[in-house]
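Keep in mind that the numbers below use all heavy atoms, side chains included, and drop hydrogens, waters and symmetry copies.
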Amino acid sequence: MAAATKLSMIARSLSTSAPVAQMVKPPVQLFGVEGRYATALYSAATKLKQLEAVEKDLVQIQAAVRGNPTVKESLSSPIAQKRDLAAALKETARQAKLADATSNLLELMAENGRLKRLDGVINAFKTIMAAHRGEVVCEVTTAKPMDDAQRKQLETALKAFLKPNETILLTSKVDPTILGGLVVSIGDKYVDMSISTKVKKYTDLISLPC
């Protein structure tokens, strides 16, 4: 089945409105299962005028799931009955007064056995919403936490890659295994300036047969 047809079908399932044949294209193209669901959700939420409400719902859901290992395990359990789980989620969504598009996403993913990918779908939707606001998501990995001065200097340097109407949304994480340097992911660009990668490159060169 063509990707466009899949997206249209998912969007049709996510939306409670009738005219959903025409997909609303997101400001950034994402791929994979997570990308398809997030793209279809963006289209449905746009048509229902629920973009901000859906984003708020998903942020709260993600925090709740990550903070509760039992819930996280039950969502990814292959034993759970799809229909029962979908019905339970629908009732939970009703009680929590979630947006229709959010409720439909949870129900559809439960019916399709895709709830173990929910965290990835939420992250993909966050990426789309960031682009929707003109924000460029940038993730920087360092061996040690950056101080405020280093973070500000890095932000200034990264802004050179942005368009005039764009703003940077910088997140950072620490990974001691890179030894030093930086690994930067900005938009669709990826730059590995870590010491660990350099060491591996030199090691591979030394290991080459003469």
Side-chain angles (χ1 to χ4, degrees), residues 3-4 6-8 10-11 14-15 17 20 22-63 65-66 98-102 105 117-175 178 180-198:
K6 285 183 179 179
L7 286 177
S8 182
I10 296 174
L14 291 176
S15 178
S17 60
V20 292
Q22 187 67 34
M23 289 285 295
V24 177
K25 291 185 179 180
V28 60
Q29 188 175 9
L30 300 178
F31 302 94
V33 173
E34 290 84 354
R36 287 200 297 272
Y37 273 97
T39 297
L41 178 60
Y42 175 82
S43 178
T46 299
K47 289 177 180 294
L48 295 172
K49 302 186 187 307
Q50 295 179 348
L51 276 177
E52 287 73 21
V54 168
E55 183 180 30
K56 183 180 178 181
D57 287 345
L58 294 183
V59 168
Q60 292 176 341
I61 290 169
Q62 189 175 53
V65 172
R66 287 180 175 179
L98 298 179
D100 291 336
T102 307
L105 170 73
R117 295 181 180 267
L118 180 59
D119 191 69
V121 172
I122 293 174
N123 286 336
F125 189 78
K126 284 181 177 180
T127 299
I128 292 175
M129 287 301 293
H132 174 78
R133 288 188 290 266
E135 299 169 346
V136 177
V137 178
C138 176
E139 183 179 80
V140 178
T141 304
T142 55
K144 296 179 180 179
M146 292 186 292
D147 58 34
D148 291 340
Q150 291 172 325
R151 186 182 180 92
K152 194 168 293 185
Q153 185 179 12
L154 181 60
E155 283 184 351
T156 301
L158 291 172
K159 283 177 182 177
F161 294 94
L162 305 182
K163 297 176 183 177
N165 62 331
E166 293 177 333
T167 58
I168 195 165
L169 190 64
L170 181 63
T171 60
S172 60
K173 66 179 182 179
V174 176
D175 181 3
I178 71 170
L182 300 170
V183 178
V184 181
S185 173
I186 179 168
D188 58 354
K189 299 177 179 66
Y190 180 84
V191 182
D192 189 341
M193 298 178 288
S194 65
I195 291 177
S196 61
T197 298
K198 291 179 181 179

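- The two residues Met23 and Ala40 have their closest heavy-atom pair at CE-CA, 4.1 Å.
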Dump the intermediate steps for side chain to side chain contact (heavy atoms under 4.5 Å, CB included) on Lys47 and Val24, then the final yes or no.
-> CA-CA 8 Å; Lys47 289 177 180 294; Val24 177; 4.1 Å; yes
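- The minimum heavy-atom distance linking Leu162 with Thr167 is given by the pair CD1-C, 3.8 Å.
- Closest approach of Ile128 to Tyr42, counting heavy atoms only: CG2-CD1, 3.4 Å.
- The nearest pair of heavy atoms linking Val121 to Glu34 is N-CG, 3.6 Å.
- Atom CD of Gln153 has 12 or fewer heavy atoms from other residues, nucleotides or ligands within 6.0 Å.
- Between Leu169 and Ala130, the shortest heavy-atom distance links the atoms CD2-CB, 4.2 Å.
- Distance CG/Leu30 to CZ/Arg36: 12.0 Å, rounded to 0.5 Å.
- Between Phe125 and Leu51, some side-chain heavy-atom pair lies under the 4.5 Å cut-off.
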Test side chain to side chain contact (heavy atoms under 4.5 Å, CB included) on His132 and Glu55 and set out the steps.
-> CA-CA 12 Å; His132 174 78; Glu55 183 180 30; over 6 Å; no
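- Between the Arg151 side chain and the Leu170 main chain, a donor and an acceptor come within less than 3.5 Å of each other.
- In this structure the side chain of Asp119 reaches within 4.5 angstrom of the side chain of Gln62, judged on heavy atoms.
- Environment of CG in Asp148: sparse, with no more than 12 heavy atoms of neighbouring residues, nucleotides or ligands closer than 6.0 Å.
- Judged purely by atom type and a 3.5 angstrom limit, Thr197 has no side-chain atom pairing as donor or acceptor with the backbone of Met193.
- Cys138 and Leu158 make their closest contact through SG-CD1, 3.3 Å (heavy atoms, listed as atom of the first residue, atom of the second, distance).
- Atom OG1 of residue Thr46 and atom CG of residue Leu41 lie 8.5 Å apart, to the nearest 0.5 angstrom.
- You'll find the side chain of Leu98 reaches within 4.5 Å of the side chain of Ile61, heavy atoms only.
- Between Asp100 and Gln50 the shortest side-chain heavy-atom distance falls below 4.5 Å.
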Leu105 and Asp57: side chain to side chain contact (heavy atoms under 4.5 Å, CB included), yes or no, with the steps?
-> CA-CA 11 Å; Leu105 170 73; Asp57 287 345; over 6 Å; no
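- Rounding to the nearest 0.5 angstrom, the gap separating the CZ atom in Phe31 from the OG1 atom in Thr39 is 9.0 Å.
- The structure places CD of Glu52 at 5.0 Å from CE of Met129, a figure rounded to the nearest 0.5 Å.
- Side chains of Thr141 and Asp175: no donor on one and acceptor on the other come within 3.5 Å.
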Derivation of the side chain to side chain contact (heavy atoms under 4.5 Å, CB included) call for Leu48 and Val54 = CA-CA 10 Å; Leu48 295 172; Val54 168; over 6 Å; no
